[in-house]
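Structure first, then comments.
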Amino acid sequence: MPRVTMRWFFLSLVIVGFHLVCASDDLNHVPNISGSLWDATNTVHIISRVPNNPTPLQVRCQSRDNDFGMHTLYNGQEFHWAFTENFFGTTLYFCHFYWGSEDKSFAVYDTRLSHHCPPLAESNYSNCYWEARPDGFYLSGDNQSWEKINNWT
Ligand SMILES: *[C@@H]1O[C@H](CO)[C@@H](O)[C@H](O)[C@H]1NC(C)=O
Ligand SMILES: *[C@@H]1O[C@H](CO)[C@@H](O)[C@H](O)[C@H]1NC(C)=O
Ligand SMILES: *[C@@H]1O[C@H](CO)[C@@H](O)[C@H](O)[C@H]1NC(C)=O
């Protein structure tokens with residue numbers, strides 16, 4: 001390799017290495033966001049809007065690496081978690097919901113859904129709010145305007 005190309009090659013390695021170190025460090029605390037994809041911090045909220053009869057909502061959320069276990073959410077209660085988008089932008093979380101005799105499992109965060117939850121300009125953090133209602137599952141990026149994404153069946 002010519003000397004100049006080699007220098008750029010090693011400089012690139014240092015820059016990539018620096019980002020990798022920062023990205024893994026971000027996993028351990030809620031970081032300040034610098035605006036690049038893998039620094040984006042997202043919080044997913046799961047909210048029950050179903051009656052507590054015949055049973056309150058139960059939900060188990062998982063990714064490939066995490067299992068948050070079964071949570072019981074009475075009407076109005078929520079469960080949430082925060083994460084840093086992974087380096088490759090392939091972060092995937094899915095949840096299994098149970099209510100009475102109904103149950104449904106689907107992805108609550110992936111590349112396809114992330115555009116529903118854009119970062120808030122003033123904070124650099126984004127939120128995905130999921131409401132489980134008697135007629136299905138609604139998603140919002142601002143906890144105000146909702147879009148129905150899934151049915152129970
Ligand atoms: C990070 O956030 C803290 C508190 O939110 C703030 O005081 C600090 O200036 C921020 N740092 C950068 C580099 O934005
Ligand atoms: C959000 O990110 C932008 C671009 O990196 C930065 O200029 C701004 O200071 C950040 N805002 C906050 C509140 O951290
Ligand atoms: C979302 O909105 C509801 C109803 O306005 C409110 O009770 C709740 O605290 C909000 N959640 C968050 C995380 O802001």
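Every value quoted in this text rests on a predicted model; they were computed, and no experiment measured them. Ligands are counted one by one from 1 in listed order, and the atoms in each one are counted from 1 as well. Position 1 is the first residue of the sequence, and the numbers go up from there.
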### Task
Could you tell me how the ring of Trp81 sits relative to the ring of Phe68: parallel (under 30°), tilted (30 to 60°) or perpendicular (over 60°)?
tilted

### Task
Please check if any side-chain donor atom of Asp65 sits under 3.5 Å from a side-chain acceptor atom of Ser63, or the reverse.
no

### Message
Looking only at protein heavy atoms, which one is nearest to atom 4 (C) of ligand 3, and what is the separation?
### Response
Arg49 NH2, 4.5 Å

### Query
Just distances here: any N/O of Asn143 and N/O of ligand 3 closer than 3.5 Å?
yes

### Message
My question is simple, although I want it checked carefully: is atom 14 (O) of ligand 3 less than 4.0 angstrom from any protein heavy atom?
### Response
yes

### Query
Counting only non-hydrogen atoms of the protein, does one fall under 4.0 Å from atom 11 (N) of ligand 3?
yes

### Message
Can you tell me how the ring of Phe83 sits relative to the ring of Tyr109, calling it parallel under 30°, perpendicular over 60° and tilted otherwise?
### Response
perpendicular

### Task
Examine Phe106 together with Trp130 and report whether their ring centres are nearer than 6.0 Å.
yes

